[in-house]
Visitor: 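Quick one: structure below, then a few questions.
All of these numbers come straight from a predicted model, not from anything done at the bench. In this chain, residues are counted from 1 in sequence order. What's counted below: heavy atoms across the whole structure, side chains too, no hydrogens, waters or symmetry copies.
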Amino acid sequence: MSQDRRSPAPPAPSSFIQRLLRARGLQDISGDGGVRKVELRAGSGQTVPLAASVAVKYSGYLEHRDEPFCTNSYSRFPKLMKLGKDITLWGLEIGLLTMKKREVARFIFTPSYAYGQQGCPPLIPPNALVMFEVELLDFLDSEESDSFFELTPEQQDTFPLQKVLKVANTEREFGNYLYHKKSFMAAKDRYKRAFSILGRSPSSEEEQSQINASKVLLFLNLSLTYLKLERPEQALAYGEKVLEIDQRNAKALFRCGQACLCMTEYERARDFLARAQHIQPFNRDINNELKKLESCYRDYMEREKETCRRMFAPLDSSG
């Protein structure tokens, strides 16, 4: 009887997740091997606090599959997700709490920290080991702010001013993130929400100054946002609110000039912009807006002349 001399079949290639599990630098951050992490790019600053709202790019992978089963990596401005509310994977939440801004990391989650024994058919098989690659773009510590707005106005009034100003600043930062994401309506709502808690009566000139400083930032943000929303009347109104507090605020004068130019109120636009230029004579944006104003005004006058010429042309020819 002849022996079968065929070579044994080569072992099945290990998945990239299994190779990653054997890699150096892998940290067991859950303490039981359920969540393991390798840092790909270091971040900076503090780690993500509990109950923060995070902006992340992520891609999730299963064993033996090269393409992600879920990803938002194509989104330029991912939406903010609140820990403990919007993120459903326990392992991912644990991982995010170890990250800093701009950090990129890979995480491996055992089933108990991911999709469990049942998986999530048909996409996720039972007892699936998964790997997530995560980039932490930004985070906002929103716990105090969220808790504050759950209170009644009467309860809010019992908090010290510094707490109120901190909450208002957090809301403004939310608005700034949404503005840069070009979600202008949502940004406007965040700015207004911040302003809504700044109506308390100050107990000293110092407190009034602090409240005014917070209002100025919000009014400037609202003025710019309304310009983006093509609502120059509101942009002008919020710019003028700043000028009621600080007559020499060059940004407010500039915003008012932009708003008047949008409304073709050329004389008012020139007045605001000239005042802004007097305060900041070398500001490129102000000087460029004045050039734009002069160009628009020349075009306007040419159109007016042409209109008049057409109106009186029949009279000239009838003589």
Visitor: Between Tyr61 and Asp66, does any side-chain donor sit less than 3.5 Å from a side-chain acceptor?
Guide: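 Judged by distance alone, the side chains do not pair up.
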Visitor: Side-chain contact test, heavy atoms from C-beta onward, threshold under 4.5 Å: evaluate it for Leu222 versus Lys188 and give yes or no.
Guide: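 Heavy-atom side-chain distance check passes, below 4.5 Å.
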Visitor: Are the side chain of Ser147 and the backbone N or O of Glu144 linked by a donor-acceptor pair below 3.5 Å?
Guide: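 Checking the backbone N and O of Glu144 against the side chain of Ser147, no donor-acceptor pair under 3.5 Å is found.
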Visitor: Ring centres of Tyr179 and Phe184 under 6.0 Å apart?
Guide: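 Yes - the distance between ring centres of Tyr179 and Phe184 falls below the 6.0 Å cut-off.
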Visitor: Would Arg41 and Glu135 pass as an ion pair if we require N to O under 4.0 Å?
Guide: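 Answer for the salt bridge query: yes.
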Visitor: Within the 4.5 Å heavy-atom criterion, are Leu92 and Val56 side-chain neighbours or not?
Guide: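 Answer no - side chains too far apart.
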Visitor: Side-chain contact test, heavy atoms from C-beta onward, threshold under 4.5 Å: evaluate it for Arg172 versus Asn221 and give yes or no.
Guide: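 Yes, side chains in contact.
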Visitor: Can you tell whether the side chains of Glu267 and Arg270 come within less than 4.0 Å, N to carboxylate O?
Guide: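 Salt bridge: yes.
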Visitor: Under 3.5 Å, sequence neighbours excluded: what are the donor-acceptor pairs made by side chains of residues 75-82?
Guide:
| residue | atom | partner | partner atom | Å |
| --- | --- | --- | --- | --- |
| Lys82 | NZ | Ala51 | O | 2.6 |
| Lys82 | NZ | Ser142 | OG | 3.4 |
| Lys82 | NZ | Asp146 | OD2 | 2.7 |

Visitor: If you count the non-hydrogen atoms of other residues, nucleotides and ligands that lie under 6.0 Å from CD in Glu294, is the total more than 12?
Guide: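 Yes.
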Visitor: Can you confirm whether Lys163 is buried at NZ, in the sense that more than 12 heavy atoms of other residues, nucleotides or ligands lie under 6.0 Å from that atom?
Guide: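 Atom NZ in Lys163 is crowded, with more than 12 foreign heavy atoms closer than 6.0 Å.
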Visitor: Considering all heavy atoms of both residues, which atom of Lys215 and which atom of Ile245 are nearest to each other, and what is their separation?
Guide: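 Looks like CB-CD1, 4.2 Å.
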Visitor: Tell me if the aromatic rings of Phe195 and Phe219 count as close, with their centers under 6.0 Å from one another.
Guide: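 Yes, close enough.
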Visitor: Would you check if Thr170 and Phe148 make a side-chain contact, meaning some heavy-atom pair closer than 4.5 Å?
Guide: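 SC-SC contact between Thr170 and Phe148 ruled out.
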Visitor: So, do Asn169 and Ser214 sit near enough that their side-chain heavy atoms are less than 4.5 Å apart?
Guide: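 Heavy-atom side-chain distance check fails, nothing below 4.5 Å.
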Visitor: Is there side-chain contact between Thr47 and Met99, with at least one heavy-atom pair below 4.5 Å?
Guide: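 No, every pair of side-chain atoms sits at 4.5 Å or beyond.
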Visitor: If the threshold is 4.0 Å, N to carboxylate O, is there a salt bridge linking Arg193 and Asp189?
Guide: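 Here Arg193 does not pair with Asp189 in a salt bridge, since their nearest N and O are not under 4.0 Å apart.
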Visitor: Taking atom types as modelled and ignoring hydrogens, do the side chains of Gln210 and Gln162 form a donor-acceptor contact shorter than 3.5 angstrom?
Guide: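 Yes.
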Visitor: Return the minimal non-hydrogen interatomic distance between Ile211 and Leu165, and the atom names on each side.
Guide: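 For Ile211 and Leu165, the tightest heavy-atom pair comes out as CA-CD2, 4.4 Å.
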Visitor: Determine the interplanar angle of the Tyr238 and Tyr226 rings, folded into 0 to 90°, and report it as parallel if under 30°, tilted if 30 to 60°, perpendicular if over 60°.
Guide: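 Parallel: the ring planes of Tyr238 and Tyr226 meet at under 30°.
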Visitor: Tell me, do Leu96 and Tyr58 make a side-chain contact under 4.5 Å, heavy atoms counted?
Guide: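 Of all side-chain heavy-atom pairs linking Tyr58 with Leu96, none is under 4.5 Å.
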Visitor: In this structure, are over 12 heavy atoms from other groups packed under 6.0 Å from Gln208 atom CD?
Guide: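 Counting other residues, nucleotides and ligands, CD of Gln208 exceeds 12 neighbours.
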Visitor: Considering only heavy atoms from C-beta outward, does the side chain of Phe107 approach that of Thr98 to under 4.5 Å?
Guide: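 Yes; the side chains approach each other to less than 4.5 Å.
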Visitor: Which heavy atom of Ala128 sits nearest to which heavy atom of Leu62, and what is that distance?
Guide: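 Nearest pair, atom of Ala128 first, then Leu62: CB-CD2, 4.0 Å.
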Visitor: If you draw a 6.0 Å radius around NZ in Lys37, do more than 12 non-hydrogen atoms from other residues or ligands fall strictly inside?
Guide: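 Atom NZ in Lys37 is packed in, count exceeds 12.
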Visitor: Would you say CZ of Arg248 has more than 12 non-hydrogen atoms from neighbouring residues, nucleotides or ligands within 6.0 angstrom?
Guide: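 Counting other residues, nucleotides and ligands, CZ of Arg248 stays at 12 neighbours or fewer.
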Visitor: Please check if the number of heavy atoms outside Glu205 that lie under 6.0 Å from its CD is greater than 12.
Guide: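 At most 12 heavy atoms, drawn from other residues, nucleotides or ligands, come within 6.0 Å of this atom.
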Visitor: Tell me whether the rings of Phe132 and Phe69 are parallel (<30°), tilted (30 to 60°) or perpendicular (>60°).
Guide: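 It falls in the perpendicular class, over 60°.
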Visitor: Would you say the side-chain atoms of Arg284 and Asn287 include a donor-acceptor pair closer than 3.5 Å?
Guide: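 No, no side-chain donor-acceptor pair sits under 3.5 Å.
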